[in-house]
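Notes follow once the structure below has been shown.
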Amino acid sequence: MARNIETRLPLMTEVTGITHSNSAKPRLRFAPSPTGYLHVGGARTALFNWLYARHFGGTLILRIEDTDFERSTDEMVDGILQGLAWLGIDWDEGPFFQSKRMDLYKAAGERLLASGHGYYCFCAKEELEQRRAVAQAEGRTPKYDGTCRRLSREEREKRRTEGAAGAIRFAVPETGVTAFQDAVFGRVEFANTELEDFVLLRSDGVPTYHLSVVTDDIEMKMTHILRGADHISNTPKQVLLYEALGAALPVFAHVPLILGADKTRLSKRHGATSVMAYRDEGIVPEAFRNFLALLGWTPKDSSKEVLSDRELVQQFGLDGISHSNAVFDRPKLDWFNTEYIRAYPAERLIPLIEEEWKKAGVTPLQREPGWLARTVDLLKTRARNLKDFADAFRAFFSDDFEADPAAVTKFLSEASIREILVELGSRYATSIEEFSEQGTEKILRDLAAENGVKAGALINGARVALTGQAVAPSLFAVMMALGKDRVVGRLKRC
RNA sequence: GGCGCUAUCGUCUAGGGGUUAGGACGUGAGAUUCUCAUUCUUAAAACACGGGUUCGAUUCCCGUUAGCGCUACCA
């Protein structure tokens with residue numbers, strides 16, 4: 001079975017049998033391109049690499065693939081770093097920037113040229129595009145037709161000395177197949193005729209993706225290439241490159257893609273695709289990480305789903321990676337979020353909540369020590385999102401809040417109830433009894449009996465008066481959280 | 001179009017030649033409660049289709065269909 005490749009069997013290619021030994025500690029990398037923020041798919045790839053490296057005590061390298069100067073920006077680099085930090089993913093070496101390693105790729109390209117694996121191509125870009133269009137129209141596979149591959153040595157020399165700018169292409173074998181053993185998909189094979197003579201170095205000397213990736217992966221001694229399944233079709237070209245460069249093949253492991261609810265590739269119209277957007281939406285990082293880890297991977301013991309980073313690291317392995325794409329299920333993420341918020345100690349939650357207050361313009365009350373943590377602990381069991389602390393629970397932390405009109409209509413519309421609540425406020429103010437859960441409850445129930453109304457009606461009304469919400473913890477716990485003065489004040493305003 | 005990958009409840013998945021096909025999220029119902037959430041009980045919900053192989057296929061093989069990916073001097 002292709003799934004149990006954990007033991008790193010010898011990798012096979014048609015042409016070479018060289019592999020890395022399986023004794024060394026693994027070296028992995030996350031290699032984002034800073035042409036966009038850190039998106040969900042990239043984050044999961046990063047997470048899997050991190051999990052794998054940590055599981056085996058290996059090394060994780062961060063490499064920024066910024067050879068596309070047009071589209072790469074420093075802001076995106078910062079954004080990616082920020083996203084990784086939020087997820088708690090750290091690395092051991094780097095970040096390395098490919099833009100600072102251009103000489104390496106150029107040398108590799110020239111080495112390939114010298115060894116006969118590459119050749120100069122003088123075809124103009126427009127010309128190529130046109131040929132491609134024609135091929136497309138005629139229903140042929142639009143791959144490079146090899147015009148310059150057939151050029152005689154003399155012709156090539158002539159063009160070079162004339163100063164023609166040329167790209168260097170890789171000469172793909174015209175027959176045979178290129179195959180690799182994928183740690184998740186098993187053996188994957190491509191006919192060489194399906195592969196085109198891809199460009200190694202552009203005419204301006206800038207390397208193309210395949211060259212820079214393989215050069216770096218060799219130079220950085222990567223043992224495992226763990227990346228999105230969208231790279232499966234790129235892999236044979238890269239395998240060819242390893243072979244031409246005389247390097248051992250790493251273990252390839254491709255991870256299925258993450259789709260939106262409509263099963264199409266995750267994109268902006270599915271909502272947030274940037275991981276930082278989830279922070280902004282009130283998701284706790286551990287929840288997001290846990291959710292992401294289980295998208296396309298299942299631990300051996302699949303019965304437990306809420307897993308700490310330690311458990312994740314402990315259990316992670318390539319054999320649990322799924323073969324099929326996974327749909328990003330937002331309700332499940334929200335469930336993880338409530339689980340984590342509930343489990344977080346107040347101290348851990350408070351800084352995150354403070355961020356939400358800042359965003360919502362809430363200035364929290366200054367009260368006695370311990371109050372904040374106690375109140376957060378009281379509320380966190382019914383929170384589904386960090387934002388709840390800034391909206392639904394706002395009245396616990398600030399006197400500046402507005403009552404939910406629906407709640408008022410439901411529980412506070414009767415004038416008689418409001419009058420009794422004002423009276424309740426007075427009784428709390430003048431009572432000599434201790435302001436405790438039992439004491440406040442007794443006073444309320446007595447007052448309800450005196451007035452011939454149900455205690456529940458008073459309780460529900462009081463809840464709205466005190467919190468502005470129809471939904472809150474037990475009323476008397478709410479009173480304790482608010483304190484006598486606030487309870488009295490808010491009741492009297494009824 | 002070509003090539004590649006994939007196919008178990010709505011979603012994430014477990015399983016695997018003979019199972020009442022299991023779990024989780026979500027959904028419905030009920031119980032509890034001062035509201036809501038929680039909690040508890042419970043219900044509905046799946047092996048894409050067609051051929052083989054086999055005593056027996058959801059499981060193995062082939063095909064079909066569908067989805068996704070790749071198909072650049074982007075990464």
Side-chain angles (χ1 to χ4, degrees), chain A residues 31-36 65-68 70-72 98 121 123-125 128-129 132 135-144 165-169 182 185-186 188-191 193-196 198-204 206-210 212-213 228-236 254 256-257 259 261 263-265 291 294-298 300-306 322-336 338 342 379 381-384 392 407 410-411 441 444-445 454-464 467 469-476:
Chain A
S33 176
T35 53
E65 310 216 321
D66 56 350
T67 53
D68 184 347
E70 316 265 290
R71 300 194 299 145
S72 300
Q98 290 194 322
C121 172
C123 298
K125 200 174 173 180
L128 291 170
E129 276 164 15
R132 199 180 308 280
Q136 196 89 266
E138 292 174 1
R140 285 181 292 115
T141 303
K143 55 176 240 190
Y144 181 63
I168 298 178
R169 281 183 189 274
D182 191 283
F185 288 105
V188 184
E189 177 184 291
F190 291 81
T193 49
E194 293 298 325
L195 273 25
E196 95 171 322
F198 54 99
V199 171
L200 262 15
L201 283 173
R202 304 172 202 165
S203 28
D204 60 4
V206 176
T208 239
Y209 167 70
H210 297 293
S212 53
V213 164
D230 47 342
H231 286 291
I232 289 179
S233 313
N234 289 149
T235 307
H254 289 95
L257 271 19
L259 310 177
K263 302 206 174 199
T264 65
R265 195 176 201 175
F291 169 71
L294 263 26
L295 257 193
W297 171 73
T298 319
K300 286 185 189 66
D301 173 15
S302 61
S303 64
K304 203 178 162 209
E305 297 197 13
V306 178
S322 149
H323 293 197
S324 46
N325 294 342
V327 172
F328 188 94
D329 186 26
R330 183 55 196 263
K332 186 127 191 189
L333 204 210
D334 289 329
W335 174 75
F336 274 110
T338 73
R342 193 175 302 168
L379 294 167
T381 57
R382 50 215 333 127
R384 199 161 177 80
K410 191 169 176 194
F411 293 121
E441 178 161 7
L444 182 140
R445 289 193 184 274
K454 280 189 189 160
L458 233 44
I459 287 171
N460 289 334
R463 178 178 292 107
V464 178
T467 67
Q469 301 288 323
V471 175
S474 162
L475 179 66
F476 306 102

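Convention: sequence-line order gives letters A, B, ...; per-chain numbering from 1. These numbers were taken from a predicted model, which means no experiment stands behind them.
Using a 4.5 Å cut-off on side-chain heavy atoms (C-beta onward), A:Phe336 and A:Leu294 make contact. The shortest distance between side-chain heavy atoms of A:Val213 and A:Glu65 falls below 4.5 Å. Side-chain contact between A:Val188 and A:Thr235 is absent, with no heavy-atom pair separated by less than 4.5 Å.
Between A:Arg202 atom CZ and B:A75 atom P the separation is 4 Å, expressed in whole Å. In this structure, A:Phe411 places its CZ atom 16 Å from P of B:U33, rounding to the nearest Å. Atom CG of A:Leu259 and atom C1' of B:G10 are 15 Å apart (whole Å). Rounded to whole Å, the distance from CG on A:Leu200 to P on B:A75 is 12 Å. Rounded to a whole Å, the CG atom of A:Asp334 is 16 Å from the P atom of B:C12. Separating the CZ atom of A:Phe328 from the C1' atom of B:G10 is a distance of 17 Å, rounded to the nearest angstrom. The NZ atom of A:Lys410 sits 7 Å away from the C1' atom of B:U35 (whole-angstrom rounding). Atoms CG (A:Asp182) and P (B:C5) sit 10 Å apart, rounded to a whole Å.
Judged by distance alone, with hydrogens and angles left aside, the side-chain atoms of A:Asp66 form a donor-acceptor pair with the main-chain N or O of A:Gln98 at under 3.5 Å.
Between A:Thr67 and B:A75 there is a side-chain N or O to OP1 or OP2 distance below 4.0 Å. The side chain of A:Arg384 places an N or O atom within less than 4.0 Å of a non-bridging phosphate oxygen (OP1 or OP2) of B:G26. Put simply, A:Arg132 has a side-chain N or O that comes within less than 4.0 Å of OP1 or OP2 on B:A72. OP1 or OP2 of B:U11 sits under 4.0 Å from a side-chain N or O of A:Lys263.
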Tell me, with the steps shown, if A:Lys143 and A:Leu195 meet side chain to side chain contact (heavy atoms under 4.5 Å, CB included). CA-CA 8 Å; A:Lys143 55 176 240 190; A:Leu195 273 25; over 6 Å; no
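Between A:His254 and A:Phe185, a ring centre-to-centre spacing not shorter than 6.0 Å is recorded. In this structure, A:Tyr144 has its ring center at least 6.0 angstrom away from the ring center of A:Phe198.
The base-pairing partner of B:C9, taking Watson-Crick or G-U wobble contacts with both distances under 3.5 Å, does not exist among the strands shown. Across all strands shown, B:A21 forms no Watson-Crick or G-U wobble pair with both distances under 3.5 Å. Here B:U53 sits opposite no nucleotide as a Watson-Crick or G-U wobble pair (both hydrogen-bonding atom distances under 3.5 Å). Judged by Watson-Crick or G-U wobble contacts below 3.5 Å, the nucleotide B:A37 has no partner. When Watson-Crick and G-U wobble pairs are counted only if both distances are under 3.5 Å, B:C3 pairs with B:G69.
Comparing atom distances between the A:Asn460 side chain and each of B:U13, B:U11, B:U35 picks out B:U35 as nearest. Between B:U35, B:C12, B:A75, one nucleotide has an atom nearer to the side chain of A:Asp68 than all others, and that is B:A75. Distances were taken from every side-chain heavy atom of A:Phe185 (C-beta onward) to each of B:U6, B:G4, B:C25; the shortest belongs to B:U6. Checking B:C25, B:U38, B:C73 against the side-chain heavy atoms of A:Arg342 singles out B:U38 as nearest.
Only the C1' atoms considered, B:G51 is 23 Å distant from B:G67, to the nearest whole Å. When the P atom is compared between B:U11 and B:U27, the two are found 16 Å apart, to the nearest whole Å. Comparing the same atom, C1', in B:A45 and in B:C9 gives a spacing of 5 Å after rounding to whole Å. Taking atom P on both nucleotides, B:G23 is separated from B:A7 by 22 Å, rounded to a whole Å. Distance noted for atom P between B:A29 and B:U13: 29 Å (whole Å). Rounded to a whole angstrom, the distance from the P atom of B:G30 to that of B:A37 is 13 Å. Taking atom P in both B:A66 and B:A72, the straight-line distance is 24 Å, to the nearest Å. As rounded to the nearest Å, B:C3 and B:C12 have C1' atoms that lie 30 Å from one another.
Annotation: A:Glu138, atom CD; neighbour count of heavy atoms from other residues, nucleotides and ligands within 6.0 Å is above 12.
Note on A:Gly228: nothing from the nucleic acid sits closer than 4.0 angstrom, heavy atoms only. A:Ala326 comes within contact range of the sugar-phosphate backbone alone, with a heavy-atom separation under 4.0 Å but no base atom that close. Within 4.0 Å (heavy atoms only), A:Pro142 reaches at least one base atom of the nucleic acid. Among the protein residues, A:Thr298 comes within range of the sugar-phosphate backbone only, with heavy atoms under 4.0 Å from sugar or phosphate atoms but none that close to a base. Note on A:Glu305: a base of the nucleic acid sits closer than 4.0 angstrom, heavy atoms only. Heavy atoms of A:Leu475 sit under 4.0 angstrom from at least one base atom. Contacts of A:Pro473 with the nucleic acid, taken as non-hydrogen atoms under 4.0 Å apart, include base atoms. Within the 4.0 angstrom heavy-atom criterion, no nucleotide atom of any strand lies near A:Gln469. When heavy atoms are screened at a 4.0 angstrom cut-off, A:Ser72 is found touching no nucleic acid atom at all. Across all strands, A:Leu458 comes closer than 4.0 Å to no nucleic acid atom at all (heavy-atom distances).
Not a single donor-acceptor pair, N or O on each side, falls under 3.5 Å between the base of B:C68 and the side chain of A:Arg265. A donor-acceptor contact under 3.5 Å is not formed by the side chain of A:Lys125 with the base of B:A72. At a cut-off of 3.5 angstrom, counting only N and O atoms as typed in the model, there is no donor on one side facing an acceptor on the other between the side-chain of A:Thr208 and the base of B:C73. Counting distance only, with no hydrogens placed and no angle test, the side-chain atoms of A:Ser233 and the base atoms of B:C3 include no donor-acceptor pair under 3.5 Å.
The nearest heavy atom of RNA chain B to A:Trp297 and to A:Tyr209 marks one nucleotide each, and the one closer to the 5' end goes with A:Trp297.
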Distances for protein N/O vs nucleotides 41-43 of chain B N/O pairs under 3.5 angstrom?
none

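Between A:Lys304 and A:Asp301, no side-chain nitrogen of the basic residue sits less than 4.0 Å from a carboxylate oxygen of the acidic one, so the salt-bridge criterion is not met.
The CZ atom of A:Phe328 sits 14.0 Å away from atom CG of A:Leu257, with the distance rounded to the nearest 0.5 Å. Put simply, NE2 on A:His231 and CG on A:Asp182 are 12.5 Å apart, with the number rounded to the nearest 0.5 Å.
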